[in-house]
Structures are given as C-alpha cells and as structure tokens.
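Start at 1 and go down the list; that is how both ligands and their atoms are numbered. These numbers come from a predicted model, not from an experiment.
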Amino acid sequence: MSTDSSGTHDDRQEASDDESAVAIARRQLLRAAKHLDIDSSVIERLKHPKKVQEVTVPVEQDDGTVEVYTGYRAQHDSVRGPYKGGLRFQPEVTRDECVALAMWMTWKCAVMDLPFGGAKGGIAVDPKALSDEERERLSRRFTEEIRHVIGPTRDIPAPDMGTDPQTMAWIMDAYSMQEGETIPGVVTGKPPVIGGSKGREGAPGRSVAIVTREVLDYYDRDLTETTVAIQGYGSVGANAARLLDDWGATIVSVSDVSGAIYDPDGLDPRSIPSHDEEPEAVARHEVPETLSNRELLALDVDVLIPAAVGNVLTDETAPEVQADIVVEGANGPTTTAAAEVFRERSIPVVPDILANAGGVTVSYFEWLQDINRRYWSLQRVNDELESEMLDAWNDVCAEFENHDVTWRDATYIVALSRVADAHDARGLWP
Ligand code: GLU
C-alpha cells in the first residue's frame, strides 16, 4: 500500500495495520523519500539495518544463581561515520525496537550534520529489580559480548532509558581492560572524571528547550506568554522545564509514571526533583490539582512536550490534544495515525530527531574531547550546542518552506538527503 505525502486515508489504514516502532520508522523513511530523487536501491538498503548483534548475557545474581538475559546492538547505517546511539536497559527491549531506534539515530545524526551513523542497543531487563552489583556484572558481561562490534571508530554507545553515566563507566572500563589501554572514546555520557563531557546529561532537555523557543518564534509567539505541559520528568523533561522556565515560559503541568501535577499559575520546576534526582517525587509535590498522564496530554496549553516513553500520542489521544504546538522530547512518542491527526488538525509537531538531538550532539563533543584528550568548559559546550541546534533548525526551516510539508517530513528530508548523498558519493562496493 502506498503512502501519500499529501496525506491520508492510506496512512491511517496502514497505521492501523502496524504501529510497531520499526513499521513507523520505515513509513517515515518512505514518506521523506517521495520528496527526493534518490536511487531506490539506497532506500531499500536504508529500510534495513546493516547488522544486528543478538547476544546472551549470563549474570550471577547476588544469591548465587545465574540469570540469562538477551541483549542487542542494532547498527543501521555508517555511511557518514561510526555508528552512534544509546543502550537501553528495559523489560520491553526487542530486536525490532532496537532496529527502529537505530534508524532514528541515523537521521538524528544526519540532521545535526554529525559524522556518525545510527545504532541502538539494549538488554531486556528491569534495571530497578537488580542490585548495583548485579547491574555492574550485567553491563560488563554485555560489553564483552558486543566488544567486537563497538569501539571509538566503529560504534559508540551512550546512555538511554534505564542506563546512566555509571553504566557507561563500567562499559568503558570493561572495554579498556580487554583492549589493554584506556579508551574513553568507546562510549559517551560518561562521568566527567573519566572523560565525560560537561553538559552532556542536560543536553537533550536543553535542545528541546532551544527548539521550543525557535518554533514559538517561527510562529510569532512570545515565550514569556507561553504555557507548557511536559509529560515525563526524567532528565529530558526536567531540564527542558527548568530552562523554559528560566527563559520566561510558564510550566503548568509535569508528570511521571504515577501521574501529573497541574497549576494554572505555573509550577517552579527547580523545586521539583527530577526522576533521576529523586524517583517519583512529582506526585509528592504539593499542588492545587493532580491529573492522569492522559489528562496532561489533553491540557489546553500552548506547547505540549511528550518527554517520557514512545507511542503515547495515538489515534485515541491525539484527537484530545488541545496544545497549539507539540515538541517531541521522547524518542518516537507519536504513532503514524496520530501524526496524521495532527497534520489534519494543522498542529505543528517538531520531531524527536531534531528536538532531543542535543544528547547525541554533546556526545559528539565528548568524543572529540576524548580523542584530543582536551576538555571543554560548560560554557563552550552550551555555546556550541546552541550554534549546532540553530544550524539544524535553519536547515529544517528551509525545507519546511521549500516543500510545504510537516516539520517531521522537513526534518527527514534534510537528514535523508545527507545520507543518500553520502551513499551516492561512496557508491556500492565492489
Ligand atoms: N540515547 C540518546 C538518543 O536517543 C543519545 C545517543 C547518543 O548520545 O549517542 O539520542
């Protein structure tokens, strides 16, 4: 069945058929490809990962028994440089989800014009059910299982859901011990004391805030007169909330897994601990009103930022959205059917691969710092991130106006044309 760039019954029909992450990722690729003159064999290659490593990870538990986990590393495309992308520790991790997330990383790196391709990996495990020692053994053994496919010039993992700087430190140590030398550039998102970059943890939220500011400006809206609701109060949601609040926006609602808090006069995001600072602190915060996560999505605000998990904006929840603009903080929060609803309702949606790309951009800065063994100030990191985000935003704006498409399509057009041009220049070997 074909998808039609003008929109679409076909899209809705196809969407209802399969809303798996990989199906969504493939449809987004095909949609963007329609606007570009790209060799069909390149598109065919980009529909599939280059390689997916599936590994068994046996881990001794604290009680002496051995639990066996399944881990993955999906590598999508490396035409522009080494594979890059996060590692998730989450019960729902599957091969297909890693493939989709790896595809999104290819586009995310390309839209930011970083010299990286896309990868993603993870282990199907609930990290909260493990002790620190069990998580350490799991991280080290997983590193050993994927050691031959990662490396500072091959594939560079980073934190994602359920992993953190400490996980990256264990991976860096396990890799370095086996290679016989200290190799900080094998992962990014490390603690600064072993070669992590200043500003890396706050970077995805910072880019969400920058892009929110820019899209409001594009539509001639004043940030200081803007109300914002943010689903998810992890690193992305909390950092975006705090910066937007600093810049004068009013954050009226935030949430975590246990529910949302709402104050029409504005919350003080700095007084609410993020999920990383104090798990599930949002619901304990004293406020006039509490809401469900679904009610948060339907609030009458200027900007809605889904910054929790994927697939929350669906054909059921998207029609309820009253926000004027959606900025995607999480990876893949909008299903294809929901994207169609927003297109029909003329609600601009700034996509994840642009909005939260600050994370991988500062990962790139970290990798450069590790290679050069010379570290940057926080000011330099934030200044360079601001400038990279503005360059990407301006490139996307140009395509948005050239093609009269959605923000998502415009972003994909920028990314895909860079990847396709690189394939074209390199050609097919042999
Ligand atoms: N996991 C993050 C993302 O989804 C960062 C990836 C990276 O820094 O390599 O963008």
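- The protein non-hydrogen atom at the shortest distance from atom 5 (C) of ligand 1 is R200 NH2, 3.4 Å.
- Nearest protein heavy-atom neighbour of atom 9 (O) of ligand 1: K84 NZ, 2.7 Å.
- Residue-environment remark: CD (E92) exceeds the threshold of 12 foreign heavy atoms within 6.0 Å.
- Between the side chains of E328 and T334, a donor-acceptor pair is found at a separation under 3.5 Å.
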Review point. Do E19 and R27 pass the salt bridge (charged side-chain N to carboxylate O under 4.0 Å, His left out) test, and can you show the C-alpha distance, the side-chain angles, and the key distance before you say yes or no?
Key: CA-CA 10 Å; E19 287 282 19; R27 276 197 294 271; 3.5 Å; yes
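- Among protein heavy atoms, atom 10 (O) of ligand 1 sits closest to K108 NZ, 2.7 Å.
- Looking from atom 8 (O) of ligand 1 to the surrounding protein, the closest heavy atom is S363 OG, 2.6 Å.
- Protein heavy atom nearest atom 7 (C) of ligand 1, with residue, atom name and distance: A158 CB, 3.3 Å.
- Counting all heavy atoms, side chain and backbone alike, L114 lies closest to T361 at CD1-CA, 3.9 Å.
- Residues Y364 and F116 place their aromatic rings such that the two centres sit under 6.0 Å apart.
- Not close to ligand 1: P157, with no non-hydrogen atom less than 4.0 angstrom away.
- Between I156 and ligand 1, no N or O atom pair is found at a separation short of 3.5 Å.
- Aromatic ring centres of Y218 and F400: separated by under 6.0 Å.
- Under the side-chain contact (heavy atoms from CB on, under 4.5 Å) rule, K84 has a single partner from T106, V360, D155, which is V360.
- The closest protein non-hydrogen atom to atom 1 (N) of ligand 1 is D160 OD2, 2.7 Å.
- Counting heavy atoms closer than 4.0 Å to ligand 1, residue A357 contributes nothing at all.
- Residue-to-ligand polar distances place N331 within reach of ligand 1: an N/O pair is separated by less than 3.5 Å.
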